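Shown next, in structure tokens, is the structure this report addresses.
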2 protein chains.
Amino acid sequence: MADVAKLAGVSSQTVSRVANGQAGVVESTREQVLAAMRELGYRPNSAARSLRYGRFNTLGVILFGLSSTGNSRTVEAIATHAAAEGYAITLIPVGAPTQDNVLGAFTRMGELAVDGVIVIIEVHLLDAATPALPPGVHVVVVDSDAGERYPVVDTDQADGARQAVRHLLELGHPTVWHIAGPAESYSAERRALAWRTVLEEAGRPVPPVGRGDWSAESGYRAGLELPPACTAVFVANDQMALGVLRALNEQGRRVPADVSVVGFDDIADASSYLPPLTTVHQDFAEVGRRCVEALLEQISAGPGGPGTDLVPTHLVVRGSTAPYRGGAAP
Amino acid sequence: MADVAKLAGVSSQTVSRVANGQAGVVESTREQVLAAMRELGYRPNSAARSLRYGRFNTLGVILFGLSSTGNSRTVEAIATHAAAEGYAITLIPVGAPTQDNVLGAFTRMGELAVDGVIVIIEVHLLDAATPALPPGVHVVVVDSDAGERYPVVDTDQADGARQAVRHLLELGHPTVWHIAGPAESYSAERRALAWRTVLEEAGRPVPPVGRGDWSAESGYRAGLELPPACTAVFVANDQMALGVLRALNEQGRRVPADVSVVGFDDIADASSYLPPLTTVHQDFAEVGRRCVEALLEQISAGPGGPGTDLVPTHLVVRGSTAPYRGGAAP
DNA sequence: GTCGGAAATGTTTGCGTAAACATGTGTGCC
DNA sequence: GGCACACATGTTTACGCAAACATTTCCGAC
């Protein structure tokens with residue numbers, strides 16, 4: 001900066017004024033400074049700026065991994081909206097979901113230059129970790145039941161699951177089976193709970209729950225366990241539903257003629273499954289947007305209270321569901 | 001830091017020494033300082049550190065989006081390995097692939113506190129943009145033909161495509177059709193070129209190329225165009241292959257009995273397609289790892305020359321390919 | 001012409017850290 | 001006992017920037 005000032009024949013303060021587009025610099029001077037900047041290839045040093053302002057214009061994101069479609073789409077939306085607000089994103093992935101790893105990630109984040117943190121992680125691992133964050137750092141949590149302690153943004157999992165199960169009941173199926181995600185996952189539990197509640201409210205029998213780990217492969221294995229009596233199944237995500245379709249296909253059971261299948265997420269591929277999957281649409285981009293919004297609000301206006309902001313879902317009916325035809329196999 | 005020093009009854013310099021684990025501090029003093037740090041919840045300010053050192057310990061990543069499986073897995077690997085080396089990741093997504101957007105991303109990145117940049121973007125958009133980066137910032141490029149000007153890390157696209165096409169020819173198919181990715185994509189072009197070359201070398205006719213945009217939906221549309229004479233098709237990625245499977249299924253053509261299909265990427269879901277997809281396995285994690293390695297090498301040892309580092313691929317044979325049976329439909 | 005005041009520009013200062021240099025403190029050796 | 005030297009700790013300074021305050025310049029009104 002000093003070099004630019006010297007070359008332009010002005011003080012460094014004037015350079016600073018030009019760099020920040022402040023008023024009070026006469027046109028001719030501004031021109032000269034800009035020319036000098038170009039000539040020397042001057043870039044403002046963001047570290048010095050941060051030091052001066054006490055702000056970093058950076059948001060941290062802590063998550064388990066980008067491998068799930070939901071996470072990666074949420075992160076993408078976060079990055080996009082943060083960029084639009086002049087913020088950069090710093091990513092810290094946590095390897096295995098252990099207390100130690102999570103704590104380590106928060107500690108690292110605490111040492112990093114971030115103004116706020118978005119946490120995409122199960123809450124039970126979170127409690128021990130947040131104290132590792134410095135006091136000034138704000139937090140928004142995605143996809144967990146931390147609503148009593150932190151601001152939370154989440155998809156309306158329960159309502160989505162309700163829509164799925166009701167759709168199947170309305171088609172006449174006597175009851176609906178469920179293949180859930182991993183027990184540690186809060187979304188998985190909420191979807192399972194909503195499924196159970198709808199069945200109970202409708203006075204239908206509640207079949208035993210199948211389990212997967214969100215992967216198509218695990219859905220395939222769980223699908224093989226589905227008994228012949230099953231005519232309708234609500235699967236906790238689209239990828240497991242893909243596995244279920246394969247399992248049913250291998251067993252010679254036709255979808256949707258013999259068995260109706262509903263997924264959750266509405267990933268891009270779901271419309272190309274065999275048959276195209278009826279599923280619950282989840283608006284990941286909106287979740288990401290609201291996270292950034294809530295966090296920036298906190299940063300500028302001070303900590304908002306806890307509470308949960310739910311993004312609505314809706315059912316997308318495609319070819320994998322059909323009316324009940326009175327029996328399992330024809 | 002001054003507060004800690006006061007509380008511990010030492011100078012700030014001693015605090016600094018303790019914070020950085022430097023020698024020359026007697027045990028009792030160190031204890032006192034550590035205690036004071038804990039009491040005050042002291043955190044070193046990374047902005048000041050960066051200012052002092054001229055290093056940020058941050059790597060930038062510029063990409064189009066996280067929606068493709070490949071990108072998100074590569075980014076995940078980059079983040080993981082960078083974290084292991086004590087570096088954080090700053091993400092800048094580029095919306096639409098226009099010259100302006102790319103330039104904007106590079107400009108923003110130039111103003112950000114990064115020591116190096118990993119670019120996951122088509123090269124023809126890259127040329128106009130890199131000058132926007134400050135001189136001291138190192139660059140590694142993924143998935144492009146920039147090998148003559150930048151260090152490039154990439155999957156061995158050509159070899160993967162060759163393996164796919166040869167596999168189909170070895171099964172006895174007279175020739176192999178191809179559904180390519182978008183023409184702007186360099187990987188798409190390389191896969192298409194390798195496909196054409198193998199056919200020409202084998203003296204087989206080269207059918208017209210189908211086109212998609214990587215999405216399952218576009219694969220479906222391209223799949224509907226496949227003529228009855230087609231008995232083998234190499235699709236440029238797994239998701240489009242999923243669409244092709246659906247198109248063939250709708251037309252009553254069985255896979256692999258009537259038509260053999262090979263994909264590219266080996267995404268997690270591919271083994272659960274109907275039928276499980278034969279595809280070219282791509283090691284995204286390794287690509288990410290090598291990127292970080294190359295970039296850190298540059299940062300510590302000065303700019304390495306251009307050149308391309310190819311990560312090998314291998315064919316995974318599953319259920320979507322079968323020997324040629326002498327005719328298109330039985 | 002002189003004076004007031006607004007606008008343009010310059011100077012000083014401090015953000016938190018750590019290197020470089022300066023000072024103190026004790027130890028062992030002759 | 002005095003001296004040198006190693007080691008622990010303190011003081012000064014600079015990193016790049018911009019707010020706060022200081023100075024200069026120029027204009028119009030009287």
Side-chain angles (χ1 to χ4, degrees), chain A residues 1-37 39-58 86 88 110-115 134-137 299, chain B residues 1-37 39-58 86 88 108 110-115 134-137:
Chain A
M1 183 150 117
D3 299 340
V4 174
K6 198 176 298 170
L7 180 59
V10 299
S11 76
S12 68
Q13 182 56 28
T14 301
V15 176
S16 165
R17 280 192 262 257
V18 172
N20 293 289
Q22 288 182 1
V25 181
V26 100
E27 195 50 34
S28 63
T29 313
R30 154 174 265 101
E31 288 298 331
Q32 246 172 328
V33 173
L34 287 175
M37 280 181 174
E39 185 171 338
L40 268 51
Y42 165 82
R43 308 274 165 176
N45 177 314
S46 67
R49 263 179 144 98
S50 295
L51 180 58
R52 194 68 183 68
Y53 286 130
R55 284 278 193 87
F56 305 103
N57 277 311
T58 298
E111 290 162 0
L112 246 39
V114 296
D115 303 310
V137 174
I299 290 171
Chain B
M1 184 149 116
D3 299 340
V4 174
K6 198 176 298 170
L7 180 59
V10 299
S11 75
S12 69
Q13 181 56 31
T14 302
V15 176
S16 165
R17 280 192 263 258
V18 172
N20 294 290
Q22 289 183 1
V25 181
V26 99
E27 194 51 34
S28 63
T29 313
R30 154 174 266 101
E31 288 297 331
Q32 248 173 329
V33 173
L34 289 175
M37 281 180 170
E39 186 172 335
L40 269 50
Y42 165 81
R43 309 272 167 176
N45 177 315
S46 65
R49 265 179 141 97
S50 295
L51 178 58
R52 194 70 188 68
Y53 287 130
R55 283 277 192 87
F56 305 103
N57 276 312
T58 297
R108 190 136 21 87
E111 289 162 0
L112 245 38
V114 295
D115 303 310
V137 175

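No experiment lies behind these values; they were computed from the predicted model shown.
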Exercise. Which pairs, with at least one residue in residues 49-58 of chain A and sequence neighbours excluded, count as a side-chain hydrogen bond (donor to acceptor under 3.5 Å, both in side chains)?
Worked result: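 Listed by first then second residue: N20(A)-R49(A).
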Problem set entry | Sole candidate of V10(B), V18(B), L34(B) that passes side-chain contact (heavy atoms from CB on, under 4.5 Å) when paired with T29(B) |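 Exactly one candidate clears the test, V10(B).
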Identify, with sequence neighbours excluded, every residue that meets side-chain contact (heavy atoms from CB on, under 4.5 Å) alongside [X].
X: Q13(A); result: S11(A), S16(A), R17(A)
X: A48(A); result: N45(A), L51(B)
X: L7(B); result: A36(B), E39(B), L40(B)

Round to a whole Å and report the spacing from [atom1] of [X] to [atom2] of [N].
X: R55(A); N: dA18(D); atom1: CZ; atom2: C1'; result: 16 Å
X: F56(A); N: dG16(D); atom1: CZ; atom2: P; result: 18 Å
X: R52(B); N: dC15(D); atom1: CZ; atom2: P; result: 9 Å

For this session: Have a look at the helix from dG1(C)-dC30(D) to dC30(C)-dG1(D) and give the angle its two end axes make, five pairs each, rounded to 10 degrees.
Result: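 Helix axis angle between the two ends: 50°.
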For this session: Working to the nearest 0.5 Å, report the span between CZ of R43(B) and CE of M37(B).
Result: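 It comes to 11.0 Å.
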Exercise. Which of residues 10-25 of chain B sit near DNA chain D, with a heavy atom under 4.0 Å from it?
Worked result: V10(B), S11(B), Q13(B), T14(B), R17(B), G24(B), V25(B)
Problem set entry | Nucleotides bounding contact with chain B, strand DNA chain C, heavy-atom threshold 4.0 Å | dG16(C) to dA20(C)
Exercise. Just checking R49(B): base, sugar-phosphate only, or nothing, at a heavy-atom cut-off of under 4.0 Å?
Worked result: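 Sugar-phosphate only.
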For this session: Give one of base, sugar-phosphate or nothing for T29(A), where a contact means two heavy atoms less than 4.0 Å apart.
Result: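 Here T29(A) touches the backbone only, sparing every base.
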Exercise. Looking at R30(A) and Q22(A), what are the two nearest heavy atoms and their distance?
Worked result: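 Minimum heavy-atom separation between R30(A) and Q22(A): NH2-O, 3.8 Å.
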